[in-house]
S.K.: 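Sharing a structure below in structure tokens format, with a few things to ask.
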Amino acid sequence: MNPFWKTLVLAAVLLLLGACGGQTFTNGEESGSYAGILMVEGEEYLWEGELDGNEYSESARLGAIIQSTAPEVMPTADFSSNFLAEGAEIYTSNEDPDVLLAKRQDGSWDVFRKSEGQE
């Protein structure tokens with residue numbers, strides 16, 4: 001194989017590996033390399049991580065997850081998520097109007113921020 005084709009194949013492999021990377025998460029049930037998405041009142045919120053410390057505090061309860069999709073499926077219905085299990089409670093944040101807090105059934109909290117394209 002000549003050097004041109006070797007370089008081309010190497011570049012293709014590197015592009016493919018780069019495209020496969022992404023945010024990795026574990027939601028207690030499944031793991032994947034997909035963005036954790038929460039849909040509330042027609043707005044998309046992206047998972048930022050578990051709440052640790054007291055950076056945010058919950059305010060008003062908005063509702064609970066009524067539909068949980070597979071990690072690779074884009075949720076579209078209100079109070080649906082490809083990250084949270086059904087029954088997880090959703091709250092607004094006292095500190096930031098673009099942040100929602102999700103309380104899982106095990107008592108842990110997750111932070112979701114409104115997608116930048118929707119601010």
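Worth knowing before you read on, the calculation uses all heavy atoms, side chains too, and leaves out hydrogens, waters and symmetry mates.
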S.K.: List in chain and number order the residues that pass side-chain hydrogen bond (donor to acceptor under 3.5 Å, both in side chains) with Asp106, two or more places apart in sequence or in another chain; answer none if no residue qualifies.
M.R.: Ser108
S.K.: When clusters are formed from ILVMFWY side-chain contacts under 4.5 Å, directly or step by step, what else is grouped with Tyr56?
M.R.: Leu51, Tyr91, Val99, Leu101, Trp109, Val111
S.K.: Which heavy atom in Gln67 sits nearest to a heavy atom in Ala77, and how many Å separate them?
M.R.: OE1-CB, 3.5 Å
S.K.: Might you point out which heavy atoms bring Ala70 and Asn82 nearest each other, and give the distance in Å?
M.R.: O-CB, 3.4 Å
S.K.: Can you name the closest pair of heavy atoms from Ala102 and Phe112 and give their distance?
M.R.: CB-CE1, 3.9 Å
S.K.: To the closest 0.5 Å, what do you measure between OG1 (Thr76) and CD (Glu44)?
M.R.: 11.0 Å
S.K.: Tell me every residue that passes side-chain hydrogen bond (donor to acceptor under 3.5 Å, both in side chains) with Ser93, counting only those two or more places apart in sequence or in another chain.
M.R.: Glu95
S.K.: Could you measure the distance from the CD1 atom of Ile37 to the OG atom of Ser81? Nearest 0.5 Å is fine.
M.R.: 8.0 Å
S.K.: Between Glu86 and Ile66, is there a side-chain heavy-atom distance shorter than 4.5 Å?
M.R.: no
S.K.: Do the side chains of Ile65 and Leu38 get nearer than 4.5 Å, heavy atoms only?
M.R.: yes
S.K.: Only counting residues at least two apart or in another chain, list the ones meeting ring pair (Phe, Tyr, Trp, His ring centres under 6.0 Å) with Phe79.
M.R.: none
S.K.: With sequence neighbours excluded, tell me which residues meet side-chain hydrogen bond (donor to acceptor under 3.5 Å, both in side chains) with Asp96.
M.R.: Arg113
S.K.: Which heavy atom in Val40 sits nearest to a heavy atom in Asp78, and how many Å separate them?
M.R.: C-OD1, 3.7 Å
S.K.: Yes or no on side chain to side chain contact (heavy atoms under 4.5 Å, CB included) for Glu58 and Asn94, after CA distance, side-chain angles and deciding distance?
M.R.: CA-CA 6 Å; Glu58 79 272 11; Asn94 283 314; over 6 Å; no
S.K.: Looking at residues at least two apart in the chain, or sitting in another chain, which of them share a side chain to side chain contact (heavy atoms under 4.5 Å, CB included) with Ala64?
M.R.: Arg61
S.K.: Could you tell me if the side chain of Leu84 sits less than 4.5 Å from the side chain of Ile90, heavy atoms only?
M.R.: yes
S.K.: Out of curiosity, Glu89 CD to Leu62 CG, how far, rounded to the nearest 0.5 Å?
M.R.: 11.0 Å
